[in-house]
Amino acid sequence: MYFDSHAHLDDRRFDGDRDTVLAKMAENQVTGMMNVGCSLESSRRSVALAETHPHIWAAVGSHPDDADHVDDKLLEQYRALSAHPKVKAIGEIGLDYHYEDVPREIQQRAFRMQLALARELNLPVIVHEREAHSDALEILKDFPEVTGVFHCYSGSWEMAQCLLKQGWYLGFTGVVTFKNARRAVEVVENAPLHRLLIETDCPYMAPEPFRGRRNDPSLVPLMAAKIAEIKGVIPEEAGRITAENARRLFRI
Ligand code: NI
């Protein structure tokens, strides 16, 4: 019933108990998951996971922290990986001005190159955008054919309206359950339920009452319960609709 639209189950923090996590996920009715790449290595691991698990799909791409490795040769590798039938998106790609490990111009260049790849392959994108709202929107203007999801959405309701109008989905992590999550709650409150996605971004962003601990896909129902509370529906309804959204966006 539930769908985790953004997970990093290939992370080495799951090496000791990945099968246990997968079993717990099934027990909690999380019946689908998108495993997202951050680099060539993790994109390869995502495809390998998807290949061996019927309920897992993969996204390939380079995170802004890894943008300095993006060149034509790397795009060629992503193009080849995307030929796999379980690869359903390019991501996560975008801009992160919070740490700025990689200079902004290099991040922007990598973002543009990977958006062009998504356009060429007719795949949706998974965007990571932190403290770079206006630059991200500006770049996206050059790729009107490309949509997808703004994962771990951190923008304003105003920006959300702009993205929704252009066909984007908004992804929410455990952050929505935090006491100080006023902004995220406001966006969830106002956005239509059929354009929201639930994601763990595991191993990060665990929801309350597990904040700060390792997150995993079995905790999706906790986020669905919070979103249901905000939207005034029952948790199963929030779970079902957000899962349908993920399957629609990723064409699963
Ligand atoms: Ni992520």
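Just so you know, ligand 1 is whichever comes first in the structure, and atom 1 is the first atom listed for that ligand. Remember, predicted model here, so these are calculated numbers, not experimental data.
Taking the ring centroids of Trp57 and Phe250, they lie at or beyond the 6.0 Å cut-off.
Here His6 contributes NE2 and Glu92 contributes OE2, and at the Ni ion (ligand 1) these two atoms make an angle of 90°, given to 10°.
For the pair Arg119 and Phe143, the cation does not sit on the ring face, since its NZ or CZ is not both under 6.0 Å from the ring centre and inside 45° of the axis.
Under the salt bridge (Lys or Arg N to Asp or Glu O under 4.0 Å) rule, Asp216 has a single partner from Lys24, Arg18, Arg13, which is Lys24.
Side-chain contact annotation: Asn215 with Asp201, donor-acceptor N/O pair under 3.5 Å absent.
When you scan the N, O or S atoms of His8 for the one nearest the Ni ion (ligand 1), you land on NE2. Of all the N, O or S atoms in Asp201, the one closest to the Ni ion (ligand 1) is OD1.
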